[in-house]
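When a residue number appears, it is its place in the shown sequence, counting from 1.
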Amino acid sequence: KLQELKATTIIPVSTEAGPAATEIVFHRYTGVGFAKIIFDYAKDFPRVDVYGEEDSSKIKSIGVSYGYSIQEIRSSQKAGKNLDQRRAVTARRAHEEKIHSLALKSAPELGTRGLLDYPGITEATIPANGTGSSKRWNTKTVDQILADINMLTDAVMIPTYGREVPDTLLVPLPTYNLLANTRLGDNETTLLQYILKNNPHLTKIDWLLELAGAGEGGTDRILVGKYDEEHITLEIPQPFEQFDAQQDGMEYVIPCHSRCGGVIIYYPMSFAFADGI
């Protein structure tokens, strides 16, 4: 069985740029200034302004093909059966795997960015207060794990003065299973259920295989953020398409194509990560 590809279910997908686009130019804006108490006839009104920073993400084409020999086509016609669709399904899967990769890992040589190592995301430090001065959650108590999660959400909320509030926590699969299988005392409630019920900010906790080993020195990484189209998008200007079959010698080849611009995070401070869990 093949790995579950979760990037397009976690990150909002945008096709707005369209198939003709070669790059996506976007802006990050910061407002500066303050108001003050003034008196009659005052002329010294404080001035506010907005500063913008322009950035861009390149869009790259993804291609693959599959084909059938003329003999395969004739044999299927004689038998009155459709051609085996497994090759078409495999071609689609190959596109999805490439988009999944571009969504998660930055490719500087292509000019695209990925979620797991996006520049400008806040880095938080997990305290080494587990057994043997470890950061790993399987060495920590429930209260210590809860404190680590609160620390990570604070890494988003406190520097932004509450303007940014993360709603999703992503963890490696073994860590997700730890949360899902850790019972709170004799209660039937698991730690995962407790967090989702009692944390005032997080509405979703999910696992992502690629977080295992994604941290500094090959350690595991956890990531919180605000996952809506205002904060983050996965750019797929041209979804998967198949062209007409083209005869090449004794076979017909079907080219397949899509276009991807990686991930854009419009408010990097709405995300934070920590390594070592």
Side-chain angles (χ1 to χ4, degrees), residues 6-14 16 24-35 48-57 102-106 112-127 135 137 145-172 175-176 179 192 194-208 210-211 214-216 220-235 261-277:
K6 307 183 73 170
T8 55
T9 62
I10 293 173
I11 307 171
V13 173
S14 173
E16 184 180 356
I24 298 172
V25 178
F26 59 97
H27 296 81
R28 291 189 291 264
Y29 292 103
T30 302
V32 296
F34 61 93
V48 300
D49 211 334
V50 174
Y51 295 93
E53 179 184 10
E54 185 176 278
D55 205 343
S56 65
S57 181
L102 291 172
L104 298 182
K105 298 292 182 68
S106 297
T112 63
R113 300 180 180 92
L115 171 63
L116 300 188
D117 54 1
Y118 201 94
I121 292 179
T122 301
E123 181 178 2
T125 301
I126 294 288
K135 295 182 178 182
W137 280 1
I145 294 173
L146 292 174
D148 287 350
I149 294 173
N150 291 335
M151 179 273 300
L152 192 57
T153 57
D154 283 349
V156 172
M157 296 181 63
I158 292 177
T160 62
Y161 297 95
R163 294 182 181 92
E164 300 295 348
V165 180
D167 60 9
T168 300
L169 169 64
L170 299 179
V171 299
T175 303
Y176 183 88
L179 298 178
L192 178 66
Y194 178 86
I195 296 168
L196 291 174
K197 181 179 179 180
N198 293 279
N199 189 290
H201 313 300
L202 296 178
T203 60
K204 180 179 180 181
I205 299 176
D206 205 348
W207 57 268
L208 194 61
E210 288 76 10
L211 284 167
E216 187 72 24
D220 291 351
R221 174 168 291 183
I222 55 176
L223 179 72
V224 295
K226 183 71 172 179
Y227 288 83
D228 60 27
E229 291 185 353
E230 180 183 358
H231 292 81
I232 181 173
T233 54
L234 170 55
E235 297 294 331
V263 163
I264 296 176
I265 296 181
Y266 301 96
Y267 299 91
M269 291 185 69
S270 63
F271 289 77
F273 72 91
D275 295 339
I277 58 91

Taking all non-hydrogen atoms of both residues into account, name the closest pair between Met269 and Thr122 and its distance. CA-OG1, 4.4 Å
side-chain contact (heavy atoms from CB on, under 4.5 Å), that's the test. Do Val171 and Ile277 meet it? Break it down for me. CA-CA 9 Å; Val171 299; Ile277 58 91; 5.6 Å; no
Heavy-atom closest pair (Ala274 atom, Ile126 atom, distance to 0.1 Å) is CB-CG1, 3.5 Å
Residue pair Asp275 / Glu216: nearest heavy atoms and the distance that separates them: OD2-N, 3.0 Å
Holding to salt bridge (Lys or Arg N to Asp or Glu O under 4.0 Å), I want the full list of residues that pass it with Asp154, two or more places apart in sequence or in another chain. none
Atom CD1 in Ile264, atom CG in Asp55: separation rounded to 0.5 Å? 8.0 Å
Hey, are the side chains of Pro166 and Met157 touching, using non-hydrogen atoms and a 4.5 Å cut-off? yes
Enter the distance from Ile10:CD1 to Leu115:CG here, rounded to the nearest 0.5 Å. 8.0 Å
Exactly one of Asp148, Asp220, Thr175 should register a side chain to side chain donor-acceptor pair (under 3.5 Å) with Trp137. Which one does? Asp148
Take Leu116 and Leu211 through the side-chain contact (heavy atoms from CB on, under 4.5 Å) test and state the conclusion after the steps. CA-CA 8 Å; Leu116 300 188; Leu211 284 167; 3.6 Å; yes
Interatomic distance, CG@Asn150 vs NE2@His201, rounded to 0.5 Å, equals 8.0 Å
How close do Pro268 and Gly120 get, heavy atom to heavy atom, and via which atoms? CB-O, 3.5 Å
Thr203 side chain to Asp167 backbone, donor-acceptor under 3.5 Å: yes
Can you find a heavy atom in the side chain of Leu146 that is under 4.5 Å from one in the side chain of Ile195? yes
Please examine the side chains of Ile222 and Pro172, heavy atoms only from C-beta on, and report whether any two atoms are closer than 4.5 Å. yes
Walk me through it: do Met151 and Thr125 pass the test side-chain contact (heavy atoms from CB on, under 4.5 Å)? CA-CA 9 Å; Met151 179 273 300; Thr125 301; over 6 Å; no
Euclidean distance, Leu170 CG relative to Tyr176 OH, rounded to 0.5 Å: 11.5 Å
Does any pair with a residue in residues 224-233 pass side-chain hydrogen bond (donor to acceptor under 3.5 Å, both in side chains), and if so which ones, sequence neighbours excluded? Glu164-His231, Asp228-His231, Thr233-Glu235, Thr233-Tyr266
Is any side-chain heavy atom of Leu179 closer than 4.5 Å to a side-chain heavy atom of Ile145? yes
Interatomic distance, Leu102 atom CG to Leu234 atom CG [nearest 0.5 angstrom]: 8.5 Å
Once you round to the nearest 0.5 Å, how far does CG of Leu202 lie from OG1 of Thr153? 6.5 Å
Chi angles and distances behind the side-chain contact (heavy atoms from CB on, under 4.5 Å) call for Leu169, Asn199: CA-CA 11 Å; Leu169 169 64; Asn199 189 290; over 6 Å; no
